[in-house]
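See below for the structure under consideration.
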Amino acid sequence: MGEFKHLAVVKFKDGAAVDEILKGLQDLISQVDTVKSFEWGQDLESHEMVRQGFTHVFTVTFGTKDEFDAYVAHPKHVEFSTVFLAAIEKVVVLDFHSISVKPTPAA
C-alpha cells in the first residue's frame, strides 16, 4: 500500500487570520516527526459555482496509517486543531492510502 494522506479543503470564516493560521500549520508540521511532507495551496482559478466557497487545500503525507494516528494524537496537533477549527466556516477532510500511477510511455 502507498503512503497515507490527510487532505483538507477549507473555507475560512470572514475575518479569519489566514496568514497566522498558515504559520501555525507550518510550525505544527515542523514539530511532528511522523509527517513526511506538507503541502498547501490557495485556489486561483476556479469559478465560484465549482469552488462552492472553498479557498484552500492542505495535504499532509505520512509513511503509514500508524504515523497519521500518532500525528492526530500529538499534543501540538490537538492544541492547534482548536485554533484551526475556530477559523473555518466549512471543511471537507479525506484520509486515504494513496495510489500512484506512472503513465506508460507511448510506443
Side-chain angles (χ1 to χ4, degrees):
M1 221 171 271
E3 298 171 320
F4 196 83
K5 305 267 187 171
H6 175 63
L7 177 123
V9 182
V10 173
K11 176 182 181 184
F12 286 103
K13 291 179 180 175
D14 289 338
V18 176
D19 288 341
E20 289 180 31
I21 296 293
L22 295 173
K23 287 177 187 173
L25 273 169
Q26 292 172 8
D27 183 50
L28 165 65
I29 296 301
S30 71
Q31 295 182 48
V32 180
D33 293 338
T34 61
V35 173
K36 194 170 180 180
S37 67
F38 170 64
E39 298 175 280
W40 72 271
Q42 182 173 356
D43 183 70
L44 300 174
E45 306 242 350
S46 298
H47 295 284
E48 181 57 32
M49 180 184 79
V50 176
R51 180 185 338 158
Q52 299 180 32
F54 293 98
T55 57
H56 290 75
V57 63
F58 304 95
T59 305
V60 187
T61 302
F62 305 88
T64 67
K65 167 81 166 62
D66 288 342
E67 290 175 352
F68 166 74
D69 291 341
Y71 166 77
V72 170
H74 193 284
K76 293 288 185 183
H77 177 264
V78 172
E79 178 184 338
F80 186 76
S81 291
T82 304
V83 174
F84 186 74
L85 291 173
I88 58 175
E89 183 172 322
K90 60 183 180 175
V91 62
V92 173
V93 175
L94 299 172
D95 299 313
F96 57 96
H97 285 283
S98 66
I99 301 169
S100 296
V101 179
K102 184 175 179 181
T104 306

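Every value quoted in this text rests on a predicted model; they were computed, and no experiment measured them.
Summarising the geometry, atom NZ belonging to K90 is positioned 14.0 Å from atom CZ belonging to F12; distances are rounded to the nearest 0.5 Å. Between S46 atom OG and F54 atom CZ the span is 12.0 Å, to the nearest 0.5 Å. Between the CG atom of D33 and the CD atom of E67 there is a distance of 10.0 Å, given to the nearest 0.5 Å. For the atom pair T64 OG1 and H97 NE2, the distance stands at 8.0 Å (nearest 0.5 Å).
With respect to the salt-bridge test (charged N to carboxylate O, under 4.0 angstrom), the residues K23 and D19 do not qualify. Note on K11 versus E89: salt bridge recorded, some NZ/NE/NH1/NH2 to OD/OE distance being below 4.0 Å.
In this structure, the side chain of H6 does not engage the main chain of D95 through any donor-acceptor pair within 3.5 Å.
Separation of the F4 and F68 ring centroids falls under the 6.0 Å cut-off.
Under 3.5 Å, the side chains of T61 and K5 contain a donor-acceptor pair of N or O atoms.
Both V83 and V72 sit in one connected hydrophobic cluster of ILVMFWY residues. Membership requires side-chain heavy atoms under 4.5 Å apart, directly or through other members. Residue F62 is not grouped with residue I99 when hydrophobic side chains (ILVMFWY) are merged at heavy-atom distances under 4.5 angstrom, including chains of intermediate members. Linking ILVMFWY side-chain heavy atoms closer than 4.5 Å, directly or via other members, places L7 and L28 in two distinct hydrophobic clusters. In this structure, F80 is a member of the same hydrophobic cluster as W40, with clusters built from ILVMFWY side-chain heavy atoms closer than 4.5 Å. Under the 4.5 Å side-chain contact rule for hydrophobic residues, V92 and I21 do not share a cluster.
Side chains of V60 and I29 form a contact here, defined as non-hydrogen atoms less than 4.5 Å apart. A heavy-atom distance below 4.5 Å is found between the side chains of L85 and I88. Contact of the S81 side chain with the V78 side chain is not registered, since no non-hydrogen atoms from C-beta on lie closer than 4.5 Å. The closest side-chain heavy-atom distance from K36 to E3 is below 4.5 Å. Contact check for F58 versus F84: side-chain heavy atoms found under the 4.5 Å cut-off.
The minimum heavy-atom distance linking Q31 with H74 is given by the pair O-NE2, 3.9 Å. Contact between A16 and A87 at its shortest, heavy atoms only, is CB-O, 3.7 Å.
Counting non-hydrogen atoms of neighbouring residues, nucleotides and ligands closer than 6.0 angstrom, the CD atom of E20 reaches no more than 12 such neighbours.
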